[in-house]
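Have a look at the structure below, then the notes.
Heads up: numbering here begins at 1 and tracks the sequence. No experiment lies behind these values; they were computed from the predicted model shown.
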Amino acid sequence: MLRSRVGASFLFGGSTGPLIGLLLLCFFLSFTTDSFFSLRNFVNILDQITVLGILAVGMTFVILIGGIDLSVGSILALCGMVMGYFAKELGWSMEAAIAVGLFASALAGLVSGSLIAFFRVPAFIATLAMMSAARGLANMVSDGHQIISFPAWFNLMAVIRYGGVLTITVGIMLAVFVICWAYLKFTSGGRSLYAIGGNAEVARLAGIKVKLHTVGVYVFAAVLSGVAGVLLGARLDSVQPQAGVSYELDAIAAVVIGGTSLSGGTGSLVGTIIGVLIIGVLRNGLNLLGVSPFMQQVVIGLVIALAVSIEALKKK
């Protein structure tokens with residue numbers, strides 16, 4: 001009994017509550033809908049959470065150090081538009097265009113991180129400014145028009161299911177989860193992020209390079225936003241400057257629902273994964289139940305409020 005409890009604690013890292021919530025939600029939807037409990041529907045849920053999942057991983061790193069990033073949706077759009085412009089308008093290879101798009105994302109993250117770390121601009125203000133700037137640049141790339149029709153292999157990443165289940169895009173999301181979970185769990189760099197979120201000044205006195213870590217986290221979150229933009233482009237076979245609107249709110253919601261503290265220093269990537277699944281399953285289930293999109297926003301808002309309230313009660 002003790003061994004099983006220790007194993008569960010190691011695996012879920014304090015995310016038992018959100019996990020129970022997810023299981024209860026699945027149990028409820030299995031009895032209230034005809035098609036929820038099926039392999040096809042679960043595969044559809046995985047497809048639908050791919051972009052949100054990758055954004056939420058980056059957001060977890062940011063919130064763990066006590067920050068916030070409102071620009072991830074705009075950077076997603078910026079990466080997609082830069083990739084599309086270089087591939088379609090300039091005739092570059094798709095691989096090179098993707099690399100340029102991710103580089104543009106990294107630059108955006110570097111600007112935000114530098115403003116926060118070296119110029120002491122509040123994270124909310126710095127990333128709010130980047131949200132506006134990146135969205136404007138995304139529109140400027142193609143004068144506000146979408147770019148369509150990429151090479152067949154690019155679109156097939158989101159179409160072909162290996163083993164009848166996983167696409168390459170879903171596989172990339174899972175790989176990002178595993179690599180980032182291992183980084184936070186087993187490396188000194190991961191422990192440094194928790195220390196910075198707990199108390200940045202104490203972390204600095206302990207020899208942790210707080211400013212460099214802060215910049216690195218925002219660059220990393222921006223690059224993951226770019227990866228999400230690439231995968232969204234593959235799924236839709238198009239990119240548009242209005243892509244990713246309000247995605248930052250969904251990413252923050254997934255992280256908070258998963259149990260990561262908005263004040264930093266506490267949380268886990270396993271919790272974020274569960275939070276992403278809760279949002280994905282909830283939206284899928286509400287669609288199957290015929291609930292209107294407007295009411296879905298209300299329900300998800302209530303879930304977020306409940307998650308934050310539970311976190312506040314735990315601190316007391």
Give the minimum heavy-atom separation between [X] and [Y], together with the two atoms involved.
X	Y	value
Thr260	Gly267	OG1-CA, 3.6 Å
Ala138	Met81	O-CG, 3.6 Å
Leu46	Leu166	CD1-CD2, 4.3 Å
Tyr218	Val62	OH-CG1, 3.7 Å
Asp69	Ser71	OD1-OG, 2.6 Å
Gly58	Ala221	O-CB, 3.8 Å

Phe36 ring center near Phe42 ring center (under 6.0 Å):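 Yes.
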Exam field: side chain [X] to backbone [Y], donor-acceptor pair closer than 3.5 Å:
X	Y	value
Ser268	Gly271	yes
His145	Ser142	yes
Lys88	Ser149	yes
Thr127	Leu70	yes
Thr50	Asp47	yes
Arg135	Pro241	yes
Ser74	Met131	yes

Phe28 atom CZ: more than 12 heavy-atom contacts under 6.0 Å: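 Counting other residues, nucleotides and ligands, CZ of Phe28 stays at 12 neighbours or fewer.
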Heavy atoms from other residues, nucleotides or ligands near CD1 of Ile148 exceed 12 (cutoff 6.0 Å):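 No, not enclosed.
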Can you see whether [X] engages [Y] through a side-chain donor-acceptor pair at a distance of less than 3.5 angstrom?
X	Y	answer
Thr272	Thr60	yes
Asn284	Asn41	yes
Ser35	Thr33	no

Aromatic plane relationship, Phe61 with Phe220 - under 30° parallel, 30 to 60° tilted, over 60° perpendicular: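 Phe220 vs Phe61 ring planes: tilted.
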ILVMFWY network linking Leu302 to Leu286, side-chain heavy atoms under 4.5 angstrom: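 Result: yes, single cluster for both.
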ILVMFWY cluster, Val159 and Trp153 together (side-chain gap under 4.5 Å):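 Cluster IDs for Val159 and Trp153 match.
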